[in-house]
There are 2 protein chains.
Amino acid sequence: MSCQELRSVPFFAELPPALLNELVAAARERHYEKEELIVLKGDRPTALYAVLSGVVKLACQSPAGEERVIDLVGCGEVFGESAVLLGNPFPYLAAAISPARLLHIDAETVLALSGRSAQFAKRLMIKLSTRLYAHMRDLEDFRLHPPVRRLANYLVGQGAASSRGEAVISFCAPKHVIASRLGMTPEALSRCLRELSDSGAIAVGVDHVRVLDAGCLQGLSGAQ
Amino acid sequence: MSCQELRSVPFFAELPPALLNELVAAARERHYEKEELIVLKGDRPTALYAVLSGVVKLACQSPAGEERVIDLVGCGEVFGESAVLLGNPFPYLAAAISPARLLHIDAETVLALSGRSAQFAKRLMIKLSTRLYAHMRDLEDFRLHPPVRRLANYLVGQGAASSRGEAVISFCAPKHVIASRLGMTPEALSRCLRELSDSGAIAVGVDHVRVLDAGCLQGLSGAQ
DNA sequence: CGTACCTTTGATGTGAATCAAGAGTAGTGG
DNA sequence: CCACTACTCTTGATTCACATCAAAGGTACG
């Protein structure tokens, strides 16, 4: 583990070298196979996790055992901070969707640093607040937007808005996982994609979407 | 404004006197009428809010203008921290449900203190994490539990579990507001209350619920 | 006492889940 | 290289839970 690698994760990127060294000392790298579990719902938090490569899903499970994907966390992202800070059991399960390399950063160290370094505390506060905002958007989406609009929102959020020409968004997971993330069944996602493609806003490929009319998408997605 | 009053808000209760004095200096009290707006969705955050008395609803609005209650914040609670820390526009609207007294604590001061005091930063991190956990539970509820179960969860969360005898839970807002908070129509809430009362778990009063069989409620609510 | 609002109850409608095939797309082994 | 199997994805038919609509109690307040 090198400082270099740690700096590739935006969450850590701007921290001063002294802190990075402490974090590196508290970190260990681990490889996960496709579908391998990382944490179970209810586990005591022993580490903060950073995804170096691959994709990880966070999900909750119904009593019947079906699972709903809460979020997909990709390369360079971090998860588990709130559990570590609170010391509460993880409220969700985490599992690798593809083969993945993760960094485990010892919970004790994170906790200690959060008390000792104002800069680190600041990063944590910003990360927590950002996550909270994201969750609020999700909750709002679920509570007042129909599936098509949730899909449009998702595509816009994935960068459909960025280029004015034809942006291409590739799915980081099989469609049924994306469907679950968006709170629908695979069948529903399929129909929503078709609806958007019929309206000319997008062209659907096997594992990607080509954005033809970003304006239309954004109109649907409610962004001004 | 006195330190005494500030200390009545759990969020501030354990802070050292020096900090409390700074906070008091940055605080001003304001009264709101029933239904008066406190912040609009999209407002720049100018303060952290603490509820001294009354009840405040946080809500989002659909394009059509109907609103969905995200949370009800009562006496001794605090809201707006994430907006202040991030400096992002408020993602929801806040309005008094009943006549209310609020404390506005200047955003600049909050921001400055969060950088200067490890203790204050810690409180903020814990508050943010706790809120995140609450949101996760909400999202889970919406995504995989039917209305009756959401109601049961809510009642248990309100303290139905505490006493083993007959707990009484009084609604802090008119039923249609509670209904919105629980993601249902007033009609649906009415039917859910009836269902629980028919099953003998609760007895429904005008503005309260008497819990007769906490075990049954908790069984429904999924808590072990 | 009457008006206005909140709540309950019943009848109806609809969006999305579920159920059930079928079509496309890999991976495997002959 | 081509069949064979196992998925994943799409499409259509059906069902169901909840929202919506409509109207009738209740309750509070002037």
Problem set entry | Nucleic acid contacts - residues 191-198 of chain A versus DNA chain D, non-hydrogen atoms under 4.0 Å |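 Only Arg191(A), Arg194(A) qualify.
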
Exercise. Is the side chain of Arg44(A) donor-acceptor paired with the backbone N or O of Gly87(A) at a distance under 3.5 Å, no angle test?
Worked result: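 The answer is yes, because a donor-acceptor pair under 3.5 Å joins these two groups.
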
Between atom [atom1] in [X] and atom [atom2] in [N], what is the gap in whole Å?
X         : N       : atom1 : atom2 : value
Arg143(A) : dA19(D) : CZ    : P     : 11 Å
His176(B) : dA28(D) : NE2   : C1'   : 15 Å
Arg149(A) : dG15(C) : CZ    : C1'   : 17 Å
Phe171(A) : dT10(D) : CZ    : C1'   : 14 Å
Glu35(B)  : dC6(C)  : CD    : P     : 9 Å
Lys175(A) : dT10(D) : NZ    : C1'   : 9 Å
Met184(A) : dT10(D) : CE    : C1'   : 15 Å
Asp207(A) : dT10(D) : CG    : P     : 11 Å

Exercise. What pair of heavy atoms forms the shortest contact from Pro45(B) to Ala107(B), and how long is it?
Worked result: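 Taking Pro45(B) first and Ala107(B) second, the nearest heavy atoms are O-CB, 4.0 Å.
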
Salt-bridge test for [X] and [Y]: reply yes if a basic N is under 4.0 Å from a carboxylate O, no otherwise.
X         : Y         : result
Glu5(A)   : Arg101(A) : yes
Asp141(A) : Arg137(A) : no
Asp71(B)  : Arg181(B) : yes

Problem set entry | Rounded distance [0.5 Å steps], CD in Glu36(A) versus CZ in Arg30(A) |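 That separation rounds to 5.0 Å.
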
For this session: Look at Thr185(A) and dA17(C) and indicate whether a side-chain polar atom (N or O) is within less than 4.0 Å of OP1 or OP2.
Result: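 Thr185(A) to dA17(C) OP1/OP2: side-chain N or O found under 4.0 Å.
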
Problem set entry | Contact nearer the 5' end of DNA chain C, comparing Arg68(A) with Glu187(B) |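 Whichever sits nearer the 5' end wins; that is Glu187(B).
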
Problem set entry | Most 5' of Val204(B) and Gly183(A) on DNA chain C, judged by nearest nucleotide |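 The residue whose closest nucleotide sits nearer the 5' end is Val204(B).
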
Exercise. Do other residues, nucleotides or ligands put more than 12 heavy atoms under 6.0 Å from Arg68(A) CZ?
Worked result: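 More than 12 heavy atoms, drawn from other residues, nucleotides or ligands, come within 6.0 Å of this atom.
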
For this session: Among dT11(D), dA19(D), dC18(D), find the nucleotide with the atom closest to the side chain of Ala188(B).
Result: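 Taking heavy atoms from C-beta onward, the closest nucleotide is dA19(D).
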
